[in-house]
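Below, read A as the first sequence line, B as the second, and so on, with proteins coming before strands; counting in each chain starts at 1.
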There are 2 protein chains.
Amino acid sequence: MARKTANRRVGITDVAQRAGVSLASVSRVMNGNFSVDADIAARVRSAAAELNYQPNAVGRSLALGKTDTIGVVVPDLANPTFQGMLRGVSRAAAQDGYRVLIADSSEVSSEESILAGEARRRCDGVVLCAPRMNEAELEALLPSLRPLVLVNRSTADTETPSLVVDYGQGVQDLAAHLVELGHTTLAFLEGPERSASNQARLQGLEKFRVDNPEIQLTVLSGGSSFEAGHGSVDNVLETGATGVLAFNDLVAMGLLSGLHERGIDVPGEISITGFDDIPFANYTTPPLTTAAVPINDIGEQAWHEMRRLLGDGGDEPSHTTFQPQLRRRGSTGPAAR
Amino acid sequence: MARKTANRRVGITDVAQRAGVSLASVSRVMNGNFSVDADIAARVRSAAAELNYQPNAVGRSLALGKTDTIGVVVPDLANPTFQGMLRGVSRAAAQDGYRVLIADSSEVSSEESILAGEARRRCDGVVLCAPRMNEAELEALLPSLRPLVLVNRSTADTETPSLVVDYGQGVQDLAAHLVELGHTTLAFLEGPERSASNQARLQGLEKFRVDNPEIQLTVLSGGSSFEAGHGSVDNVLETGATGVLAFNDLVAMGLLSGLHERGIDVPGEISITGFDDIPFANYTTPPLTTAAVPINDIGEQAWHEMRRLLGDGGDEPSHTTFQPQLRRRGSTGPAAR
DNA sequence: TTGAAAGCGCTAACAC
DNA sequence: GTGTTAGCGCTTTCAA
């Protein structure tokens, strides 16, 4: 009823007053400090309950110098990979009583440093996921972001823990799988140029070329979305490739769909591989051969690294590399010719 | 309190000292207050730059009584619907300088109230998305959560803005679409029982039954995941239904995949519909007929409601209902018999 | 225009 | 064991 009058939320002072004790005692009770008389504790508790007291987290944070919150910066919340990673971090952090603040840079690399800084100011640490900013900018930013954990990106600074995926090896495994099936003409639909993981794939393919000089491999510009894959059908067909390495599962699904519309059989006429093994990859028609990245685990690990940093940070910062696992499914088959 | 001079972050005091001015002046400069001498402003700015000063958001929040952060509680971060909603809120809030704290209840309804309360204590408001808790619990929680916006759930309390989807109408549209195609035996694969949106669908189907007494409709227990759909193949076949209404797109995709493995043609032998129109629905084989829910818009609207609440909250709280749009795609076709 | 000082809500060191 | 009190970092009256 009285909207504007009852604006003030009840604070620790009100509880103390009502219980007839000091602020300190209320604080002690609320924090489960044992050195409080059972009688006082009971009085405080009932006073708190009657007033429906909710401790103010901001005041608490200021006094304690910590927020029990970490920030996670991702390039795109619509991307299943980052969603999985976010979920992994969030669940793992929640287990330790930490919350997650998200920041979505919408693939605008100039926003990243601002968002990361903002997040850091409100949180105890930041997880920077696949930043698109260049190396110089990243290095300049590092000090002010600590404690910082880097995912899908590494840096010269060895103090910053990083979790990366060996995309180069993964794409080589996929290419090798296609070669094994008899494919000799391949195409790679590349992803966003600024993405470090795309660079890693390209390097892997360079190595693959050296190891397999007899295989013809064309690199096509693509993207990271369904639309990119769907719109690449013509380009792919032009190369005459019978095996296509899509940047990721999304692109592969888009391509699959485009080929299906054209009446081109997969894997009968063309074999397709994805990357990431997002949950959907298992449920396409045909199911997608891909390189599985344990993205939830990576998120969980990212939290563990952060937790270490937040604690005494005894050990050395770790730099973990995850190896993608080849998943042979229906979208790849023997070469027709 | 012993101050650890070593790793203390630079605060406003340091800047003031370095610039030879008072705290108040630094604060004024940092907040773009115009009533400051240009000379002082310059001194402050350079001092801040030299010290690489980053204002502490917690201190600021405490003084201002606001955090510029809102909490979003979802039942499952792995669910594309909630991901889309989260993304919508996040992007819209970011436009207004607000951040989002996420809380994932992992479908544990008993966790929801705790998470929501926690979020509220750290934030200026909470968006509660598809809460699984019962009505009594929800109503009891409302007061302590305000400002609160409810998504995919309504309540008797009219003060709380809510954004809901007319799932009942959506599922009727889908059923009608199947009937139009000549299907007379239908099955509904229902979702989580505690989900309000599942109840809404069931009610819609009740109405459908009344309007279409000649149609046979079986309700099967299912779930909300691929696996639920994939595992329901036998049950679906047993009903003899030629048209299947899956709880959502995920379930539909699982079912699609399961039927494909059995060599059953969709839509030749069985027609399937999803719900939500997640991005993937357009790229399955065949593409999924579904009822499109503008989930990103809903997230955006949720933020707008919240913004209104955070402001003076002049207008009446709004209770918006979104109508799903039927998307006819390849997974439905004429009945075979 | 500027500075001194009083909080914002809570914790913890220090006395009693 | 319990209360008093000094901060945590910042904003904002209120005087000067």
Using residues 138-148 of chain A as the side-chain source, report each donor-acceptor pair under 3.5 Å to any protein atom, sequence neighbours left out, with the distance given to one decimal.
residue   : atom : partner   : partner atom : Å
Ser144(A) : OG   : Leu141(A) : O            : 3.0
Arg146(A) : NH2  : Asp157(A) : OD2          : 2.9

When you measure from every atom of DNA chain D, which of residues 36-47 of chain B have a heavy atom less than 4.0 Å away?
->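 The answer is none.
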
Here the residues of residues 114-124 of chain B within 4.0 Å heavy-atom distance, strictly under, of DNA chain D are none

Arg9(A) (side chain) and dG9(C) (base): donor-acceptor pair under 3.5 Å |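 No such pair is found, so the answer is no.
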
Round to a whole Å and report the spacing from [atom1] of [X] to [atom2] of [N].
X	N	atom1	atom2	answer
Leu62(A)	dA12(C)	CG	C1'	14 Å
Arg28(B)	dT12(D)	CZ	P	10 Å
Lys66(A)	dC10(C)	NZ	P	16 Å
Ile12(A)	dT11(C)	CD1	C1'	8 Å
Met30(B)	dT11(D)	CE	C1'	13 Å

[X] and [Y]: which non-hydrogen atoms are nearest, and at how many Å?
X	Y	answer
Leu163(B)	Phe322(B)	CB-CE1, 4.1 Å
Val127(A)	Ile70(A)	CG2-CD1, 4.2 Å
Glu305(B)	Ser318(B)	OE2-OG, 2.5 Å

Main chain of [Y], side chain of [X]: is a donor-acceptor contact present, judged purely on distance under 3.5 Å?
X	Y	answer
Arg153(B)	Met133(B)	yes
Ser61(B)	Ala57(B)	yes
Asp96(A)	Tyr98(A)	no

Any chance you could measure Thr67(A), atom OG1, to Leu101(A), atom CG, to the nearest 0.5 Å?
-> 9.0 Å

Check whether any side-chain heavy atom of Phe82(B) lies under 4.5 Å from a side-chain heavy atom of Asp104(B), and answer yes or no.
-> no

In terms of side-chain geometry, is the basic nitrogen of [X] or [Y] positioned less than 4.0 Å from the acidic oxygen of its partner?
X	Y	value
Asp14(A)	Arg18(A)	no
Asp76(B)	Arg91(A)	yes
Glu112(A)	Arg132(A)	no

Close approaches to DNA chain C from residues 48-60 of chain A, in residue order (heavy atom, under 4.0 Å) = Tyr53(A), Pro55(A), Asn56(A), Gly59(A), Arg60(A)

Which of residues 17-26 of chain B sit near DNA chain C, with a heavy atom under 4.0 Å from it?
-> Val21(B), Ser22(B), Ala24(B), Ser25(B)

All stems with DNA chain D, defined as three or more consecutive Watson-Crick or G-U pairs under 3.5 Å | C:1-16 with D:1-16

Take Ile102(A) and Leu77(A), measure what side-chain contact (heavy atoms from CB on, under 4.5 Å) needs, and give me the verdict at the end.
-> CA-CA 9 Å; Ile102(A) 58 170; Leu77(A) 263 182; 3.7 Å; yes

Out of dT2(D), dT11(D), dT11(C), which has the shortest distance to the side chain of Asn31(B)?
-> dT11(D)

Scan [options] and name whichever one has a side-chain contact (heavy atoms from CB on, under 4.5 Å) with [X].
X	options	result
Leu150(A)	Cys129(A), Ser162(A), Pro317(A)	Ser162(A)
Pro161(B)	His319(B), His304(B), Arg308(B)	Arg308(B)
Val89(B)	Val151(B), Ile298(B), Val100(B)	Val100(B)

